[in-house]
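Following: one structure in structure tokens, then a few remarks.
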Amino acid sequence: ARLRAPDALLLVAEQDGVVAGVLLAGLARDDDGRPLPGVLELELLAVAPPAQRTGVGTALLAALLARYPRLQAWTGPDATGVLARAGLEATGRTREPDLQQWATRP
């Protein structure tokens, strides 16, 4: 159902004809649920185990940022490396015990 939403954006990376990674983003919203104009929120970034640490995640983020330069994400510690390599920075905001907000500079 999320993929059918009008604001959903799905990017797929392939290596040798096999899906190596996917990225799902949508319109970002503030804490009250109002849309943040011109800002996308990274909802999912998944890389297949054989393709991890090969640049697939970084390439997916770079492709997204080339089209939409304002991005935010809420993530745990496992994704901080790929977000930092893509140019996002921790904002200092947290949600729940483990989620930290990352964003591009406006």
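In what follows, residues are counted from 1 in the order of the sequence shown.
Residue pairs meeting the side chain to side chain donor-acceptor pair (under 3.5 Å) criterion with at least one member in residues 48-60: none, sequence neighbours excluded. Applying the salt bridge (Lys or Arg N to Asp or Glu O under 4.0 Å) definition to pairs two or more places apart or across chains, those involving residues 96-106 are Glu89-Arg105. Pairs engaging residues 6-29 under the side chain to side chain donor-acceptor pair (under 3.5 Å) rule: Arg2-Asp7 [sequence neighbours left out].
Side-chain N or O atoms of Asp32 include none that pairs as donor or acceptor with a backbone N or O of Arg34 at under 3.5 Å.
For Val56 against Ala13, the heavy-atom pair with the smallest separation is CG1-CB, 3.8 Å. Between Gly21 and Leu60, the shortest heavy-atom contact is C-CD1, 3.7 Å.
In this view, Ala63 and Leu11 satisfy the side-chain contact (heavy atoms from CB on, under 4.5 Å) rule, not counting sequence neighbours. In this structure, Thr80 has no side chain to side chain donor-acceptor pair (under 3.5 Å) partners at least two apart in sequence or on a different chain. Partners of Arg95 by side-chain contact (heavy atoms from CB on, under 4.5 Å), not counting sequence neighbours, listed by chain and number: Asp31, Trp74, Leu99. Scanning for side-chain contact (heavy atoms from CB on, under 4.5 Å) contacts around Val22 gives Leu10, Val12, Val19, Leu44, Ala46, with sequence neighbours left out. With sequence neighbours excluded, no residue forms a salt bridge (Lys or Arg N to Asp or Glu O under 4.0 Å) with Asp78. Every residue two or more places apart in sequence or in another chain that forms a side chain to side chain donor-acceptor pair (under 3.5 Å) with Glu41 is listed here: Gln72. Residues meeting the side-chain contact (heavy atoms from CB on, under 4.5 Å) test with Ala62, sequence neighbours left out: none.
Leu23 CG to Glu43 CD: the interatomic distance, rounded to the nearest 0.5 Å, is 9.5 Å.
Apart from Val39 itself, the hydrophobic cluster it occupies contains Leu36, where clustering links Ile, Leu, Val, Met, Phe, Trp and Tyr at side-chain heavy-atom distances under 4.5 Å. The hydrophobic cluster containing Val18, built from Ile/Leu/Val/Met/Phe/Trp/Tyr side-chain heavy atoms closer than 4.5 Å, comprises no other residue.
Connection of Leu27 to Leu45 is not established within any shared hydrophobic cluster, with ILVMFWY side chains joined at heavy-atom distances below 4.5 Å, either directly or through further cluster members.
Looking at Leu88, Leu61, Leu24 one by one, the single match for side chain to side chain contact (heavy atoms under 4.5 Å, CB included) with Leu42 turns out to be Leu61.
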